[in-house]
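Structure first, then comments.
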Amino acid sequence: MIRKLIQRVFRLGRTEPEVFPLESHGIRRENISYGSRKVCEILQANGFHAYVVGGAVRDLMLGVVPKDFDVATDANPEDVHRLVRRSRLIGRRFKLVHALFGDEIVEVSTFRASAPGEVDEETGRVLRDNVYGDRVQDAARRDFTMNALYYDPATQTVLDYHRGVRDLQRKVIRIIGDPRARFREDPVRMLRAVRLGAKLGFTIDPKTRAPIKELADLMGNVPPARLFDEMLKLLLSGHASACVQRLRADGLHHGLLPLLDVILEQPLGEKFVNLALAQTDERVRLDKPVSPAFLFAALLWHEVLAAWKAREDAGENRIPALYAAMDEVLDKQTDKLAIPRRFTTTMKEIWALQPRLDSRSGRRPYGLLEHPRFRAAYDFLALRAESGEAPGELAEWWRRFQEATPEERAELLLPARAGGEKRRRRRRPRGNGPGPQDAGPPPVLAD
């Protein structure tokens, strides 16, 4: 039944596209990247059809500079690889070609067939979809109407099979075909609809939005690695705050981000998370570097706090309890989000440094300044202070300590008891030399 429904979906749409000339869309061939233009020229010169497709065309029509350009063609991957001198074949289920032009990588795909190859009868998710097709079929299998636009650099025209241009003008996100069948086929499309809506300021077509809450549980069938990639795109879109609110409104937040539904129901946790998202959005808009590890550390922090407290209440020592809590929370998320080790390592270092930043006496502050994750940990502390979770004067002290001269740092240090550190009895060495407690602060290394 599901298979027949999906096959029917793929037959929908025009067999002949609506053609929009340059005067109506304003995209000149100079507006597309050198690499994508060159790929189209090479393939067309050898008798193939080739078009710039997808998000690049959508963004150009909205006056946004695309981050990358994709090309779709009727040439098979081997022909593309043979004709484009610097290129490589990638992929197993469905081969693609990466064409290399300096720092630019153009992804070239062959038109895909309209009929799905293998479908999970229970969920409707397409398991295999690696059959080549024609342009009409390729347009029908794309997700949203505004992503099914084909730009021909040779004629400077846009080909539209599903009224995507009209939806762009109306600022509407509309899925191609029957929403239930398309979301069952690939549940990640529900996330994409939310992300694009928040990023572009578009509304989701009512028929497209209607089944999302009903089908939200299908996200559990998405492989963790793929779900992580999609969530990363969402969180680094520059509109993460709006995306998270839309996830919540559409019922997609349950189980996607680390227990985000629980975090957002805690006033303190919600403020902390919203501040982290807002700061990330600001950095993305200013084209500043963004650390995914820092952001995920913020999103998971209150889960770590809860697990940490539970372990301390059960009688575990403070610091071992923190490390055990970190492992517990990260292990719990493995089933949902395959967060790469390079991120989880940094996240754990940021978390582990938080209690150490309470120390403001003796030699510890100097050692913390030299820690490779100190700056990230300090920024995390500042975020906690801004949300009201950590003392503001603690974050201010560390700000001053970083910027101070060696003499000023010595004056900023607190007495051992005020710094919260236990006094340790140390044996003085024999002779007249100073003991360890008499030694001055370690030398400050130049930047």
Side-chain angles (χ1 to χ4, degrees), residues 235 240-241 244 257-260 262-286 288-310 312 318-319 321-323 325-326 329 343 346-405 408-421:
L235 293 171
S241 294
V244 167
L257 279 178
L259 303 179
L260 191 58
V262 176
I263 296 171
L264 292 177
E265 290 167 4
Q266 301 172 8
L268 192 62
E270 182 171 6
K271 184 176 181 180
F272 179 79
V273 167
N274 285 338
L275 281 171
L277 295 175
Q279 289 184 10
T280 300
D281 289 344
E282 182 66 16
R283 293 187 68 85
V284 171
R285 284 194 285 268
L286 295 176
K288 291 183 177 180
V290 176
S291 168
F294 184 93
L295 182 55
F296 277 101
L299 294 173
L300 274 169
W301 173 238
H302 278 259
E303 291 306 306
V304 172
L305 281 180
W308 187 13
K309 184 178 185 303
E312 281 195 288
R318 185 167 184 251
I319 299 305
L322 171 59
Y323 280 85
M326 293 190 295
V329 170
F343 292 157
T346 300
M347 292 161 62
K348 292 171 76 171
E349 288 179 311
I350 291 173
W351 292 333
L353 283 171
Q354 296 310 298
R356 295 178 63 186
L357 290 173
D358 291 338
S359 300
R360 287 179 280 173
S361 64
R363 303 169 64 90
R364 285 191 177 184
Y366 294 97
L368 287 172
L369 285 180
E370 301 301 322
H371 195 286
R373 299 296 178 211
F374 169 77
R375 183 65 200 188
Y378 164 73
D379 289 341
F380 200 84
L381 171 65
L383 188 67
R384 291 173 57 213
E386 189 175 352
S387 72
E389 175 189 307
E393 58 90 16
L394 177 62
E396 174 61 18
W397 187 92
W398 276 105
R399 183 193 67 78
R400 293 172 58 197
F401 192 75
Q402 293 175 74
E403 300 171 356
T405 64
E408 292 170 336
R409 286 178 178 173
E411 293 178 1
L412 284 170
L413 292 175
L414 302 181
R417 286 181 179 174
E421 296 181 358

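The basis for the numbers below is simple: all heavy atoms, side chains too, and nothing from hydrogens, waters or symmetry mates.
Residues satisfying the side-chain hydrogen bond (donor to acceptor under 3.5 Å, both in side chains) criterion with E312, sequence neighbours excluded, are absent altogether. Checked against side chain to side chain contact (heavy atoms under 4.5 Å, CB included), P355 has the following partners two or more places apart in sequence or in another chain: W308, R318, I319, L322. The ring-ring contact (aromatic ring centres under 6.0 Å, His included) check on F294 picks up F380, with sequence neighbours excluded. Among residues two or more places apart in sequence or in another chain, the salt bridge (charged side-chain N to carboxylate O under 4.0 Å, His left out) test is passed with E403 by R399. Taking the side chain to side chain contact (heavy atoms under 4.5 Å, CB included) definition, one finds that Q279 meets it with L383, E386, sequence neighbours left out. Applying the ring-ring contact (aromatic ring centres under 6.0 Å, His included) criterion to W398, with sequence neighbours excluded, gives F374, F401. Not a single side-chain hydrogen bond (donor to acceptor under 3.5 Å, both in side chains) links E282 to another residue, sequence neighbours left out. A310 is linked by a side chain to side chain contact (heavy atoms under 4.5 Å, CB included) to nothing, counting only residues two or more places apart in sequence or in another chain. In this view, A293 and S291, F343, T346, M347 satisfy the side chain to side chain contact (heavy atoms under 4.5 Å, CB included) rule, not counting sequence neighbours.
The shortest heavy-atom contact between V273 and A298 is CG2-O, 4.4 Å. Contact between G392 and A385 at its shortest, heavy atoms only, is CA-CB, 4.1 Å. Across every non-hydrogen atom of A297 and W351, the tightest pair is O-NE1, 3.1 Å. Closest approach of L277 and S241 over heavy atoms only: CB-OG, 3.5 Å. In terms of heavy atoms, P415 sits closest to S361 at O-CB, 3.7 Å. The minimum heavy-atom distance between K271 and S387, with the atom names listed, is CD-O, 3.6 Å.
In this structure, NZ in K348 is found 13.5 Å from CZ in R373, a value given to the nearest 0.5 Å. Remark: H302 NE2 to K309 NZ distance equals 14.0 Å, nearest 0.5 Å. Between L305 atom CG and L300 atom CG the span is 11.0 Å, to the nearest 0.5 Å. The OG atom of S359 sits 11.0 Å away from the CG atom of L413 when rounded to the nearest 0.5 Å. Rounded to the nearest 0.5 Å, atoms CG (L381) and OH (Y378) are 7.5 Å apart. To the nearest 0.5 angstrom, I350 atom CD1 is 12.5 Å from F296 atom CZ.
Side-chain atoms of E408 come within 3.5 Å of backbone N or O of T405 as a donor-acceptor pair. Not a single donor-acceptor pair under 3.5 Å links the side chain of R283 to the backbone N or O of A278.
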Derivation and outcome, side-chain contact (heavy atoms from CB on, under 4.5 Å), residues H371 and E349:
CA-CA 10 Å; H371 195 286; E349 288 179 311; 4.2 Å; yes

For L368 and L357: C-alpha separation, side-chain torsions, deciding distance, then whether side-chain contact (heavy atoms from CB on, under 4.5 Å) applies.
CA-CA 8 Å; L368 287 172; L357 290 173; 4.2 Å; yes

I'd like to know whether L235 forms a side-chain contact (heavy atoms from CB on, under 4.5 Å) with L299, so could you lay out the CA-CA distance, the side-chain angles of the two residues, the decisive distance to 0.1 Å, and finally the verdict.
CA-CA 11 Å; L235 293 171; L299 294 173; 3.8 Å; yes

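The salt bridge (charged side-chain N to carboxylate O under 4.0 Å, His left out) pairs that include a residue from residues 374-383 are R375-D379, where partners are two or more places apart or lie in different chains.
In summary, the side chains of E389 and W301 do present a donor paired with an acceptor at a separation below 3.5 Å, with no hydrogens or angles considered.
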